[in-house]
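The structure follows.
The shown structure was predicted, so the numbers you read here are calculated from the model rather than taken from an experiment.
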Amino acid sequence: MLFYLSKIFAGQLKKGEPYENLKKCIHVSILDFIHFEKDTKCYRTICFCDEKTGKKYTDLMEIQVLELKKLPPDIRSGDDLIKWMKFFGGKSRKEFAAMAKTDSYIEEAYKELEKLSADERAKLEYEARERAIRDYNSQMSSALRRGEQKGMERGLKRGMEQGLERGMQQGRNRRIA
């Protein structure tokens, strides 16, 4: 949750933009398991706050958690909740579109989801290109270092061979003279 919330939050700013441009970012988790075992609360809002005073540090980041297993039985069978659960449980674009037709709020959420997924696709493509460029530059840099190292080793070896050969030649020339 924190990883994705942080990534979305930080991804709002373009290079050189001021922090004032940051907008509130909310991560909504609908869990089909119990995460907070020590209580029966089915819904909670989590924010950044001072541990000692409880004072909220910022309202720019927030996590909302709904634990479906803790919902009271009468709410679990409610038509609206079931519609939302079916919507969030959709496996394909066709299922999402079908559920969007059942409720105007779900339809609005579906439209927003379509916009976000289009933006996300573009973002993923951009990140893939950036990663490929970084990988390529890293590989080239590594290859250059290995090439330089081999060149130094070969040069040193040749230099030693040539120096040894010259030294031996000079030694022979001195004996002859």
- [ ] Test side chain to side chain contact (heavy atoms under 4.5 Å, CB included) on V65 and T45 and set out the steps.
- [x] CA-CA 6 Å; V65 181; T45 300; over 6 Å; no

TODO: For K56 and D50, run salt bridge (charged side-chain N to carboxylate O under 4.0 Å, His left out): C-alpha distance rounded to whole Å, both residues' side-chain angles, the deciding distance at 0.1 Å, then the answer.
DONE: CA-CA 6 Å; K56 191 183 265 192; D50 184 292; over 6 Å; no

- [ ] Answer yes or no: is there a side-chain heavy-atom contact under 4.5 Å between F36 and K70?
- [x] yes

- [ ] Please test R93 against E114 for salt bridge (charged side-chain N to carboxylate O under 4.0 Å, His left out), starting from the C-alpha separation and ending with a verdict.
- [x] CA-CA 9 Å; R93 195 174 280 277; E114 279 187 314; 3.7 Å; yes

Open item on the list: Quick one, E67 with K41, criterion side chain to side chain contact (heavy atoms under 4.5 Å, CB included). Give me CA distance, side-chain angles, the key distance, then yes/no.
Closed with: CA-CA 8 Å; E67 294 173 288; K41 284 177 55 178; 5.9 Å; no

- [ ] List in chain and number order the residues that pass side chain to side chain contact (heavy atoms under 4.5 Å, CB included) with R154, two or more places apart in sequence or in another chain; answer none if no residue qualifies.
- [x] none

Open item on the list: Quiz question: by atom type and distance under 3.5 Å, do the side chains of Q169 and E165 form a donor-acceptor pair?
Closed with: no

Open item on the list: Is there a side-chain contact between H27 and M61 in this structure, where contact means two heavy atoms from C-beta onward sitting under 4.5 Å apart?
Closed with: no

Open item on the list: Test your reading of the model: is there a side-chain donor-acceptor pair from S29 to the backbone of L31, 3.5 Å cut-off?
Closed with: no

TODO: Indicate the atoms forming the closest heavy-atom contact of C25 with L5, along with that distance.
DONE: O-CD1, 3.6 Å

TODO: Using the rule that two of Ile, Leu, Val, Met, Phe, Trp, Tyr join whenever any of their side-chain heavy atoms come within less than 4.5 Å, decide whether M152 and L144 are in one cluster.
DONE: no

Open item on the list: Please check: side-chain N/O of T102 versus main-chain N/O of M99, any donor-acceptor pairing under 3.5 Å?
Closed with: yes

- [ ] Would you please name every residue forming a side chain to side chain contact (heavy atoms under 4.5 Å, CB included) with K111, sequence neighbours left out?
- [x] E107

- [ ] Check the pair I30, L68 against side chain to side chain contact (heavy atoms under 4.5 Å, CB included), reporting the backbone distance first and the verdict last.
- [x] CA-CA 7 Å; I30 300 172; L68 296 176; 3.7 Å; yes

